[in-house]
Amino acid sequence: MMKKLENFAIQDFQNDLINWYRNEKRDLPWRKNQDPYKIWVSEVMLQQTRVDTVIPYFNEFTTKFPTIQALANADEEEVLKAWEGLGYYSRVRNLHSAVKEVNECYGGIVPNDPNEISKLKGVGPYTKGAILSIAYNIPEPAVDGNVMRVMSRILSIWDDIAKVKTRNLFEEIIREIISQEYPSDFNQALMELGAIICTPTSPSCLLCPVREHCAAFHEGVQTELPVKSKKKKPVPLQMAAAVLYDENGQLYIHKRPPTGLLANLWEFPNCELKQELNKTHTEQLALFLKEEYDIEAALQPLIGTIQHIFSHRIWNLSIYFGEIKSMESEKLVQVDEETIKQYAFPVSHQKIYKMYKGEI
DNA sequence: AAGGCGTGGAC
DNA sequence: TGTCCAAGCCT
């Protein structure tokens, strides 16, 4: 028994927590059954993403790809399109790759072994524990931000939860206190409590089923926990993007490289703008189109601007339209208005397209 | 170990 | 309005 858990009434805590969960849990689409594949999809979608955002994506994704086999046999283009707008797109490329591996190496059955499931792309310590406990009822910790917030308050733990070492500490703690009989309900109850009651700001302690077990509540410091170091501010970038069309109204788009930001998504040709070049934005964009794509285009004056904020950078996009006069390279793909609907674009470039269509 | 990696919501 | 996020993983 670790020191943090001396005098902690594990059995009572489990009972209070699980009983509350069974009465109060939300009716969510991924709680209709224990299909390991669908639990897996939901867990990947829920990484750093709100429940309300995920629900419609989960329903559409699991309708379009209802089984391991269906997803394994799908084209990446179609899979990315189903993820369009959800963000963190490497999640779905890793999921697709891992599902193919399960289909080929595990007979289409999601492995229930901690070592095997950990080897799958995109399955980290949290997702491993979530799948094993929720789909297979195996008593493995599933430590996410909710669990760290709840348990840091319950046990008055002041370690910085942004550190890897701290997450490992919480895993050790959960291994000690997880219900061996009902690990699925236990893990989900901790997360549900964090989502509904033990929220980051203004937690509803008077409604909390485990407040009698909560050290932070007794000490009145619940709003000071958890301790979490701050992230850096995003770096602003000036950019220009061009919607290029020919005399037939065909559009010319670019597929981003297979690694890095927005990997494998489509975009309108664009470049970063530099102040020190002493050229106008239009001149810089025209030069970029010439050098990168060997394109001559008749660019119109500035149409408008779009700002898009990422976790780590800010795109300030100046938008131009222009008719292509000549193009030598084949780095751009010609699409019509029907074809373009099949391709996944980042939200910033969806806005550019809407601007072109006059919808914004 | 710490930064890259999206997006839309809440305050 | 700006700030901080929300069921993390990868390198």
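Keep in mind that what you see is a predicted model, and the values were worked out from it rather than measured. Just so it is clear: chains get the letters A, B, ... in the order the sequence lines come, proteins before strands, and each one is counted from 1.
Residue A:L262 is in sugar-phosphate contact alone, with no base atom involved, counting any heavy-atom pair closer than 4.0 Å across all strands shown. As judged by a 4.0 angstrom heavy-atom cut-off over every strand, A:R31 is placed among the base-contacting residues. When heavy atoms are screened at a 4.0 angstrom cut-off, A:W30 is found touching base atoms of the nucleic acid. No contact: A:V147 has no heavy atom under 4.0 Å from any strand. Here A:G85 lies in heavy-atom contact (under 4.0 Å) with sugar-phosphate atoms only. If you check every strand for non-hydrogen atoms under 4.0 Å, A:L28 touches a base.
Comparing C:dG8, B:dG4, C:dC4 by their nearest atom to the side chain of A:H312 picks out B:dG4. Relative to the side chain of A:D144, the nucleotides C:dC9, C:dG8, B:dT7 differ in distance, and C:dG8 lies closest.
For A:S311 against B:dG6, a side-chain N or O and a base N or O form a donor-acceptor pair under 3.5 Å. Counting distance only, with no hydrogens placed and no angle test, the side-chain atoms of A:T49 and the base atoms of B:dG6 include a donor-acceptor pair under 3.5 Å.
A:R93 places no side-chain N or O within 3.5 Å of a backbone atom of A:V79 that could act as its donor or acceptor partner. Of the possible donor and acceptor atoms, none in the side chain of A:H96 sits under 3.5 Å from a partner among the backbone N and O of A:L80. The closest donor-acceptor contact from the side chain of A:S118 to the backbone of A:N115 lies at 3.5 Å or more, if one exists at all.
Rounded to whole Å, the separation between the P atoms of C:dA6 and B:dC5 comes to 23 Å. One P atom belongs to C:dC4, the other to B:dG3, and the distance between them is 15 Å to the nearest Å. Comparing C:dC10 with B:dA1, their C1' atoms are spaced 13 Å from each other, to the whole Å. If you take atom P in B:dG8 and the same atom in C:dC9, they sit 22 Å apart, rounded to whole Å.
Between the side chains of A:E101 and A:S97, no donor N or O sits under 3.5 Å from an acceptor N or O. With 3.5 Å as the limit, one finds a donor-acceptor pair spanning the side chains of A:D16 and A:H213.
A sub-4.0 Å separation between OP1 or OP2 of B:dG3 and a side-chain N or O of A:K232 is present. For the OP1/OP2 pair of B:dG9 and a distance below 4.0 Å, the side-chain nitrogens and oxygens of A:T53 include no atom meeting the criterion. In this model, the phosphate group of B:dC5 is approached by a side-chain N or O of A:R313 to a distance below 4.0 Å at OP1 or OP2. Listed pair A:K230 / C:dC4 meets the phosphate criterion, a side-chain N or O lying under 4.0 Å from OP1 or OP2. Regarding contacts with the backbone of B:dA2, a side-chain N or O of A:K163 is found under 4.0 angstrom from either OP1 or OP2. Between A:Y89 and B:dT7 there is a side-chain polar atom (N or O) within less than 4.0 angstrom of OP1 or OP2.
B:dG8 atom P lies 13 Å from atom CD1 of A:I306, rounded to whole Å. Atom CE in A:M148 sits roughly 12 Å away from atom P in C:dA6 (whole-Å rounding). What separates CZ of A:R93 from P of C:dC9 is a distance of 16 Å, to the nearest Å. Regarding A:L86, its CG atom lies at a distance of 14 Å from the C1' atom of B:dC5, rounded to whole Å. The distance from atom CG of A:L95 to atom P of C:dC10 is 12 Å, rounded to the nearest whole Å. If you take OH of A:Y126 and P of C:dC10, they are 15 Å apart, rounded to a whole angstrom. A:D52 has its CG atom 11 Å from the C1' atom of B:dG8, to the nearest Å. Between the CG atom of A:L46 and the P atom of B:dG6 there is a distance of 18 Å, rounded to whole Å.
Taking for each of A:Q350 and A:K165 the nucleotide of DNA chain B with the nearest heavy atom, the 5'-most of the two is the partner of A:K165. Of the two residues contacting DNA chain C, namely A:K233 and A:T127, the nearest-nucleotide position lying further toward the 5' end is that of A:K233. Nearer to the 5' terminus of DNA chain C, by closest-nucleotide assignment, is the contact made by A:F310 (compared with the other of A:F310 and A:L120). Nucleotides of DNA chain B nearest to A:T201 and A:Q48 differ in position, and the one nearer the 5' end is that of A:Q48.
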Check against side-chain contact (heavy atoms from CB on, under 4.5 Å), A:L261 and A:H312: CA-CA 11 Å; A:L261 181 65; A:H312 56 305; 4.1 Å; yes

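Contact detail for A:I18 and A:S179: the closest heavy-atom pair is CD1-CB, 3.9 Å.
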